[in-house]
Every structure is written in C-alpha cells, then in structure tokens.
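Only one structure is covered here, and it is reproduced in the block below.
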Number of protein chains: 2
Amino acid sequence: MNEMGFLIPSKKERITDPTVGRLVAYRRLLMRLVDDGVPVVSSKEIGEMLRLKSSQVRKDLSYLGEFGKRGVGYDVGRLLEDLAGILAPFEMWRIGLVGIGRLGEALLNHRSFLSENYEVTAVFDSNPDKIGRSYAGKPCYHIDDLPRIIAEKNITVLILTVPQQAAQTVLDMAVKTGRIEGVLNFSAAVLQAPPGVQIKDVDIFIELEKLLFKLKASEQKKKQNF
Amino acid sequence: MNEMGFLIPSKKERITDPTVGRLVAYRRLLMRLVDDGVPVVSSKEIGEMLRLKSSQVRKDLSYLGEFGKRGVGYDVGRLLEDLAGILAPFEMWRIGLVGIGRLGEALLNHRSFLSENYEVTAVFDSNPDKIGRSYAGKPCYHIDDLPRIIAEKNITVLILTVPQQAAQTVLDMAVKTGRIEGVLNFSAAVLQAPPGVQIKDVDIFIELEKLLFKLKASEQKKKQNF
DNA sequence: CACTGTGAAGGATTTCACAGCG
DNA sequence: CGCTGTGAAATCCTTCACAGTG
C-alpha cells in the first residue's frame, strides 16, 4: 500500500485507458480459465489467447503489483481476484439507460450487463406506450422524470441510446441535477457538458468506416505490388 | 497527384486510424453545414463543434492536400467533396450481417447505414423462423448458406452480431471462401483469422468499464483533496 | 490581419531486451 | 532454465509555435 490511497494501488504511474480495456479482457479470460480448472497461466499464453504481445500483458499486469511467479507464470485464481479488485468501484455504479429502442434493449438484455460493478437502476423513454412497463426487469419512466428518478435512485451514470437530436436535451436535463458523473453516448451527437462530467462516445459507424478505410489501404498496397 | 497512386492521395505519411475516425466526423459535420448554407468554416470553429483542438483539425485536413484559404478558412462544399473522396472505396463495399438479434436489427435500421460507401447485401441467422423473411429490406439466409451467398453476392465484409460462442464458427465458414477481407466483430469472442483478414472488435462493455474506471479515478482524486 | 500548413517538440503507448528470481 | 518485471528504446499521436499566404 502507498500514500496515494489503496483502492487504485501501488505504482506511481496511473493506469491508462488502453490498459484498463485490456485488464477487463484479462478478467474475462481468467474467469473462463477458472471455470476450466486451469491453475496457472503465462503472459505468453494470455497474449496468444487475446492476440497481444506477451510484453504488453506483463506491462499491464505489473500495474497490479508483482503477482507472477518467475519461471512459472500467474496463479489464475489469485490474478483474477487482483484484477477484479482493481476494476471494482467504491460502490456499485447506478446507471440510468435512456432510450428503449432496439439498441437500448440489446444492451439491457445482454449477459454482460449482469455485473458486480454496476447495475441499470431505471430506464427512460419518451414513448407513452413504454412508460410503466418494465424492460429486462427495469422500470421504465418518462424522460421528463429524469431529474426526479436520478435523485431518488441515486443514479450517477447515464447510457444514452436516444436519437441524435434528443441527446443534448436529455443530457442537459440530467446534468442539472448535479449528480451525473459520466455518460456513455451511443448517439452521433457531439455532446457539450460541464467539466466534471465525463463523456465517452461509442460510434459504431465510425468504427465501420475505419475498418473499411484500412481495407481500402491494403487493397491499394496489393495493387502496387504488380 | 503522386507516384504512389491517386485514390489515397498526396503525402508520404499514411492516414492513421484515429485520423480516419475524425475525418468521418468532419464529413458528418460538413454535411450539416452544407444543409445549413454555411459557406466557409475555420479549423477553430470545427474544433469547437467537435471538441477538438484546432491544430488537430488542421493536421488532419492537411492530409487531403492544401485546401484551406489562409486568413479565411475552408470552403465547406469543397472540403466535403475532398473528404468524401478520400473516404470513398474503390467500389461499394458489399457487407453481410450475421445475427439478427436486437443489436443486428438496431444496426440495420439505423439511418447511418444508408451510405454511398457500403451496403448490407444480405443478412444471416440460424433461427429457422427468420430465414426467408426480410429485414430492413435485406433477405435473410441461413448461416449454413454463408459460403454460397458470399460468392453469389460478392460479399467481402462481415458484421458479426452473433453470440460469443457462435462467432468463431461463423468466421471460419466465411473465411474459407477466400473472399472475406474484413470483419467488424461485436461479440466478446477473440477471433482468430488468417492474415489478410482484418478484424475490428467493438466491445461495448469494455467501453463502459473504461468510463467507470475513469470515474473511479476522478472520485479518488477528489477525495485526496480533503 | 486572420487564417492555414507544418516542422519540431511533447506526450502517450507499445515493444524490446535483459537482469533477476523461483 | 523459464518466465516475470521493468528501464530504455522505439513508435505512434497530439500539440505547439510560427513562417507563409490570400
């Protein structure tokens, strides 16, 4: 333990975004290995299973402390505990999901949404037919009730699966409560929020275009070889 | 024009992935500006609208060539054409979408899927009730017919919205045709494919965990200030 | 004069390479 | 001996700062 706190531990260097992404992937993998009864795993094996260099894996894991056994590898159960500890929040995040369209429902019903780190506490929509029903066991409220429900249920994180035009309005309403800390935005809107509100955009169509551009570049390269 | 080819033009430096992502965002923004009748825009204005530094915008746009007017800014219509040209494929990408669950349908019905650069040519599922129906106007085939339909419709890109356990099997079937160049994978599976097949993973739950970890870090920081 | 275009600097992330330990 | 942990090097990406131009 160090002088900086003990829930995000040890090293002076802070854990960066790409590293966090991989830590989550390691946790997933280790859960499977535990189920399969695998006792020990090396950075090389992890790397092969996740398409990463072993040096990358070791660097990432070194942020947790020195938990590997030289000449052997990592104890699967132990490493999983450590990872889960690092990734665990101070208390369970309470999330509101806004927009029960196909995407919103897809997320809600996904297995991965059963987590020890977070839970969707309420869902919101503007369609009157949906209000009062429940989705994946979560009660659906009207978007106009956002401020009230955020306060009542102590929601601090929002997932926005609303149409682009609605996103900023929804965000403004929610942010006024002063309780929102983070937003995962699936709309194409470029949201403006006060500092202190973290926004993370997930833009599926940009990911598709990035892939297609890479394909174009490699086709071009192929052509030049003739 | 240069000696390296002319569809991905000019500069010696190749356009990187993060830059491509922003170019797509610029294109979106410029389409709106054209609609709004805005004739000219500066890098500073673009940056403010997209939450980017103006220097970043200028660097990105400089890959297209020198199309700005010093002291003035960029001609909106002209810049949009240039961007669209850079992002355009040699010929329209023909995409197969595998897995008509909520996520698959969400994508299919999204406005952004109406593109001049790509089109979904066929969709696939294993549920017999879905075969033969059409989704967003696309015919649905059984997954077993993937190889045949890929050949018939000249599909080179796959979007995988299937459950994790099915993803590798589907990919293997498709890759055997030798026609698949790229895959956008929404499952949590870590796919193995031969070199020459580009895989891009979109993992929504990892994005959520990254956001939550950042929130945890900033909460921690806040606590230290007391 | 207000902007672009761009080398150079700065930061961030990955990879290398090897010392050190079980 | 085999594998971890980690400084140092390499690579990748962003930002600065300013010369140059319409």
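Order of the sequence lines sets the chain letters (A, B, ...), proteins ahead of strands, with each chain counted from 1. As a basis for the values below, the full set of heavy atoms in this structure was taken, side chains included, without hydrogen atoms, waters or symmetry mates.
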### Message
What is the distance, to the nearest angstrom, from the CD atom on B/Glu48 to the C1' atom on C/dC3?
### Response
14 Å
### Task
With heavy atoms under 4.0 Å as the rule, sort B/Gly68 into base, sugar-phosphate or nothing.
sugar-phosphate
### Task
Inspect the contact between B/Arg78 and B/Asp82 and indicate whether a charged nitrogen and a carboxylate oxygen are less than 4.0 angstrom apart.
yes
### Query
Taking 4.0 angstrom as the limit, do B/Arg102 and B/Glu105 come out as a salt bridge?
no
### Summary
From CG of A/Asp75 across to P of D/dT4 the rounded distance in Å is 13 Å
### Query
Can you tell me how far the CG atom of A/Leu79 sits from the CZ atom of A/Phe67, to the nearest 0.5 Å?
8.5 Å
### Query
Rounded to the nearest Å, what distance is computed from the CZ atom of residue B/Arg78 to the P atom of nucleotide C/dT4?
15 Å
### Nearest-nucleotide 5' precedence on DNA chain C, B/Gly73 against A/Asp17
B/Gly73
### Query
Looking for any heavy atom pair under 4.0 Å, which part of the strands does B/Ser42 touch: base, sugar-phosphate only, or nothing?
sugar-phosphate
#### Entry: B/Leu97 and its side-chain contact (heavy atoms from CB on, under 4.5 Å) partner, picked from B/Ile155, B/Leu160, B/Leu108
B/Leu108
### Message
Quiz question: going by heavy-atom distance under 3.5 Å, is there a donor-acceptor pair between the base of D/dG2 and the side chain of A/Lys69?
### Response
no
### Query
Does D/dG5 have OP1 or OP2 sitting under 4.0 Å from an N or O in the side chain of A/Tyr74?
yes
### Rounded interatomic separation in angstrom, taking CG from A/Asp60 and P from C/dC16
15 Å
### Message
Does D/dT4 have OP1 or OP2 under 4.0 Å away from a side-chain N or O of A/Ser43?
### Response
yes
### Query
Whole Å only: how far is the CZ atom of B/Arg58 from the P atom of D/dA17?
12 Å
### Query
Contact class for A/Ser54 (heavy atom, under 4.0 Å): base, sugar-phosphate, or nothing?
nothing
### Query
Given atom OH of A/Tyr26 and atom P of D/dT4, what is their separation to the nearest angstrom?
12 Å
### Query
When you check the gap from the basic side-chain N to the acidic O, do B/Glu219 and B/Lys216 get nearer than 4.0 Å?
no
### Summary
Between A/Lys53 and A/Arg70, whichever has its closest DNA chain C nucleotide further toward 5' is A/Lys53
### Task
Looking at every strand, decide which applies to A/Thr19 at a 4.0 Å heavy-atom threshold: base, sugar-phosphate, or nothing.
nothing
### Query
What is the distance, rounded to the nearest whole Å, between atom CD1 of A/Ile46 and atom C1' of D/dC3?
12 Å
### Message
Categorize A/Thr16 for me: base, sugar-phosphate, or nothing, with a 4.0 angstrom heavy-atom threshold over every strand shown.
### Response
sugar-phosphate
### Message
Considering every strand and a 4.0 Å limit on heavy-atom distances, what is the contact class for A/Lys59: base, sugar-phosphate, or nothing?
### Response
base
### Query
What is the distance from CD of A/Gln56 to P of D/dC3, rounded to the nearest Å?
19 Å
